[in-house]
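In this text the structure is predicted, and so the values were computed from the model without any measurement. In what follows, residues are counted from 1 in the order of the sequence shown.
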Amino acid sequence: MAGRLRYLAFLSNDPDDTAGFYKRHLGLEELGRSNQGDVSVTDGYMNLTFFKLRDDMVEPDRTIGLHHVGLQVDNMERVTTRYRDLSPRGVIIEEAKDIHHGECRIYDPEAHAVTLSTGDFGVGGDARNIPRVAHIAYNALDPTAVMQFYESLFNFRELDTSFERRHQERKNRFMGDGRVNLAIHPFYNSTLEGHEMRFGVNHFGFLVSDMEAKLAAISGEREVEARPASRPYAEFRAQDHEGNRFDLSYKKGWEVDLDTWENGGA
């Protein structure tokens, strides 16, 4: 596999509070903090970094909330060369190479940042803990173009649930890296029940083994809603104090590779 999703970045007004929500309810452990107030946590495989929004932050998009993804790659030169081939005017930006950043970033066809690292973003392992992040979803203007970006650069595979949508003449695309499900939904989709119009990274999802306990604890702080029965993935959705939406799944789980589904142990 040329690339694996290992990192998810947020912009936050209060990283300590928001990261604390996930430590408290989803068992994430802290990886480190910066002097500027950034906080990174992990589920044992994925690095979730909450960046403190500040005046000197150089970001094309400074919207609070889910911001961009990051991938561990086998060969940086091969990936960046292929990126240049596909996008001759594409931008490659060096990053800080610390616990909160990768080595460099590129941009997908819709100008969303994608951070790259040959390391594991400071996680220090490859645990298959539960709870764990198993799903990241985008809203895109052209889902097929974004899908092809991940196919061409990182060898992601289109999944059966995606081919089913093609047969239904729908634009939703689903991909997998063998560990995490990547959904790419059309931004303009007013007919789909439960569709939420946030451009770029729209939500993410956790596998859990104790759904009733999670629902009881999280609903004490935040509203939790059942997902539409028509959806192939996840049973519930909630959001943290800064409006980041996340799914919870025990029975349905997510398709992470062709003919490969993972759930919370159901």
Side-chain angles (χ1 to χ4, degrees), residues 1-9 45-49 60-61 66-93 95 102-121 132-166 170-187 189 198-205 232-233 247 253-262:
M1 176 63 68
R4 297 161 296 283
L5 287 160
R6 297 292 305 263
Y7 173 88
L8 185 59
Y45 182 78
M46 186 84 68
N47 174 323
L48 280 69
T49 289
D61 180 3
L66 285 154
H67 195 264
H68 65 275
V69 302
L71 292 96
Q72 181 178 6
V73 298
D74 298 330
N75 187 310
M76 185 69 74
E77 183 178 0
R78 185 180 303 155
V79 171
T80 53
T81 298
R82 178 61 174 156
Y83 174 65
R84 288 294 197 199
D85 290 341
L86 294 172
S87 181
R89 294 183 298 278
V91 176
I92 301 177
I93 304 296
E95 291 199 329
E103 297 169 32
C104 69
R105 71 164 61 176
I106 59 177
Y107 287 83
D108 74 13
E110 300 191 343
H112 300 301
V114 178
T115 291
L116 306 177
S117 177
T118 53
D120 64 4
F121 291 92
R132 70 171 180 269
V133 176
H135 172 66
I136 298 173
Y138 274 84
N139 278 347
L141 298 176
D142 187 344
T144 298
V146 176
M147 180 187 73
Q148 291 171 344
F149 171 85
Y150 282 92
E151 284 180 328
S152 298
L153 287 182
F154 307 115
N155 292 347
F156 279 34
R157 289 172 287 276
E158 188 172 4
L159 303 176
D160 288 336
T161 41
S162 187
F163 293 123
E164 290 172 6
R165 299 305 181 279
R166 285 180 179 268
R170 292 167 60 181
K171 296 181 179 180
N172 309 75
R173 299 291 179 259
F174 299 99
M175 311 187 75
D177 66 359
R179 185 70 176 264
V180 178
N181 171 280
L182 179 65
I184 310 165
H185 301 298
F187 176 77
N189 198 339
R198 178 187 173 92
F199 187 51
V201 186
N202 181 266
H203 65 271
F204 63 116
Y233 306 132
D247 289 344
W254 283 279
E255 188 180 15
V256 297
D257 207 341
L258 284 169
D259 300 319
T260 302
W261 286 72
E262 294 192 358

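- Neither side chain, Y233 nor D247, offers a donor N or O lying under 3.5 Å from an acceptor on the other.
- In this structure a side-chain-to-backbone donor-acceptor pair under 3.5 Å is present from R165 to T161.
- Residue M175 holds its CE atom at 6.0 Å from CD1 of I184, rounded to the nearest 0.5 Å.
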Problem set entry | Candidate pair F204 and V180, rule side-chain contact (heavy atoms from CB on, under 4.5 Å), full reasoning | CA-CA 10 Å; F204 63 116; V180 178; over 6 Å; no
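- Residues satisfying the salt bridge (Lys or Arg N to Asp or Glu O under 4.0 Å) criterion with E164, sequence neighbours excluded, are absent altogether.
- Ring centers of H185 and F174: under 6.0 Å apart, within the cut-off.
- Between F156 and Y150, the angle of the ring planes lies from 30° to 60°, which puts this pair in the tilted group.
- Note: Y7 and F121 have parallel aromatic rings, judged against thresholds of 30 and 60 degrees for the angle between ring planes.
- H112 is not listed as a side-chain neighbour of H67, based on a closest heavy-atom distance of 4.5 Å or more.
- Figure legend: cation-pi geometry between R132 and Y45 absent, as NZ or CZ is not positioned both under 6.0 Å from the six-membered ring centre and within 45° of its axis.
- Between atom CG of residue L159 and atom CH2 of residue W254 there is a gap of 13.5 Å, rounded to the nearest 0.5 Å.
- The minimum heavy-atom distance between G178 and D257, with the atom names listed, is CA-OD2, 3.8 Å.
- Checked against R4 for a side-chain hydrogen bond (donor to acceptor under 3.5 Å, both in side chains), the options D74, D120, N155 give a single hit: D74.
- At a threshold of 4.0 Å, the pair K171-D142 does not count as salt-bridged, since none of the basic side-chain nitrogens sits closer than that to a carboxylate oxygen.
- Side-chain contact check for L5 versus R179: every heavy-atom pair is 4.5 Å or farther apart.
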